[in-house]
There are 2 protein chains.
Amino acid sequence: MNQRGTLTRQRIVEAAMAMLDESQDRQFSMRKLAAQLQVDPMALYHHHKNRHALMGEVMLALMAECEIPPATGDWRQDIRAICQAVRQLARRHPGSFRAFVVFEQWVPSEHRVNEALYTALLSAGFSKVATVRAVRLLIAYVESFAVDEITGWLEPLTREDRENLAADLSGGAFPATASLLETIVRPDADAEFVFGLDVLIAGLDGVRASA
Amino acid sequence: MNQRGTLTRQRIVEAAMAMLDESQDRQFSMRKLAAQLQVDPMALYHHHKNRHALMGEVMLALMAECEIPPATGDWRQDIRAICQAVRQLARRHPGSFRAFVVFEQWVPSEHRVNEALYTALLSAGFSKVATVRAVRLLIAYVESFAVDEITGWLEPLTREDRENLAADLSGGAFPATASLLETIVRPDADAEFVFGLDVLIAGLDGVRASA
DNA sequence: ACCTGAACACCGTTCAAGT
DNA sequence: ACCTGAACACCGTTCAAGT
């Protein structure tokens, strides 16, 4: 069992990220991680101060992996590409990405993503205030969408979920929702993501002059 | 200690919601809740199947409390008012709202909020598909914003956070971010929320014809 | 019907000890 | 320097028992 010398900060971070991504419903724990690394639980604490610190390093590695495309000169295209890159990262690392969104602390490698968005918007002529607000809005959108997607909210509803929904609506209290039932049960993730980007970009274009 | 007969489903739900909202960082647990209710931890399980079920009831009560304003006939105004109502709910119940956003299950009382948004958009002439997508987009925005706000991301940065950020940017790798430093450290939550709504509404208006 | 209490299988983390 | 093992203060939940 003794793995003396084989345990490193990086090996722990990689194993933690893999465990987060693989554990669909059962969750990550320091003790399970140690077991997988075939090491005493307390060995981890020699390399990382505590669970939170380790998670911080996982988040750092996660965001560092985001493949930000080079700027093209077209801010609309750049924003679309950057948002798609974040979405792809979430799909590649669903568990870690979920933990990242909930992680209430600044992760330095986020700077890379923000910098790319800031650059695109400033080059498009947005004011400083509008740029900062627009980036938070874009990040909020892409993170929410990505979490919805990896959680399964953008897949067609199961027969059971669909029946539960229909039952909720059968009282007649929600006529608008009921009229949309067929649309609600059959989402299209790709099209919906593009729809959101279209709305945001058109909206940003609209407020550019006035902001 | 014996509170025989005084424990009800509703009393447990109310106490759980209060505990979630008050516990800033230390978190909710079934055992702490029982202690506060001066009851054996296991007494709770007589009224609620398990922790998840209890949380579901808290979420139900939370969303039922959202004060949705009556429709005015102006879809733009209605959407603004509904989103502000959700934001106010989050401010009133920060801990419960955070739990709600992470709660990976449908909460029936959400129908009320969705119905109001669906009604506004359908009346504005949006197609079914555009309406369903727009509502998810609006909800994603308001939930993200509200969580950011109650987490403290929209307050002026502390001196320490500001210095950490400046240190991150001192290497020159993020020139756009550095140029925005003064704006980043001093957010304005109210103005930012309205900015987001402006962008979304302008954007929805823009895609209405083409969707 | 409603509550208790012991018990089980878990957590994160501290601290003293081993090599 | 790096890892172990016992221990502490927690979890959620089951199950048998009390009233």
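Per chain, numbering begins at 1; letters A, B, ... match sequence-line order. None of these values were measured; they are calculated from a predicted model.
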Protein and nucleotides 11-15 of chain C: nitrogen or oxygen contacts under 3.5 angstrom:
unit_1	atom_1	unit_2	atom_2	d
C:dC11	OP1	A:S29	OG	3.2
C:dC11	OP1	A:K32	NZ	3.3
C:dG12	OP1	A:M30	N	2.9
C:dG12	OP1	A:R51	NH1	3.2
C:dG12	OP2	A:M30	N	3.1
C:dG12	OP2	A:R31	N	3.3
C:dG12	N7	A:R31	NH1	2.5
C:dG12	O6	A:R31	NH1	2.8
C:dT13	OP2	A:Y45	OH	2.9
C:dT13	OP2	A:R51	N	2.8

Using only side-chain N and O atoms of B:H47, determine if any of them is under 4.0 Å from OP1 or OP2 of C:dC3.
yes

Nearest-Å distance, CG (B:L44) to C1' (C:dA1)?
16 Å

Ring-ring centroid check A:F126 A:Y118, cutoff 6.0 Å
no

Listed once per pair and sorted, the ring-ring contact (aromatic ring centres under 6.0 Å, His included) pairs that draw on residues 28-55 of chain A, sequence neighbours left out
A:H52-A:F103

For the pair B:K49 (side chain) and B:L54 (backbone), establish whether a donor and an acceptor sit closer than 3.5 Å, ignoring hydrogens and angles.
no

Given the rule that a pair is Watson-Crick or G-U wobble with both distances under 3.5 Å, how would you write DNA chain D in dot-bracket, using | for pairs to a different strand?
||.|||||...|||||.||

Specify the separation, in whole Å, of atom NE2 of B:H48 and atom C1' of C:dC3.
15 Å

Looking only at heavy atoms, the pair that brings A:S179 and B:K128 closest together is O-NZ, 3.2 Å

Any chance the side chains of B:T177 and A:N114 put a donor and an acceptor closer than 3.5 Å?
no

Counterpart residues, side chain to side chain contact (heavy atoms under 4.5 Å, CB included), relative to B:Q36 (two or more places apart)
B:M19

Separation of atom CG in A:D40 from atom P in C:dA17, rounded to whole Å:
17 Å

Return each pair, listed once, that meets salt bridge (Lys or Arg N to Asp or Glu O under 4.0 Å) where at least one residue sits in residues 97-109 of chain A; pairs must be two or more places apart or across chains.
A:R98-B:E104, A:E104-B:R98

Can you measure B:H46 atom NE2 to D:dT19 atom C1' for me and round it to whole angstrom units?
13 Å

Salt bridge (Lys or Arg N to Asp or Glu O under 4.0 Å) contacts touching residues 175-195 of chain B (sequence neighbours left out):
A:R136-B:E192, B:R87-B:D190, B:R162-B:E182, B:E182-B:R186

Value in whole Å for how far the P atom of C:dC2 lies from CD of B:Q38:
20 Å

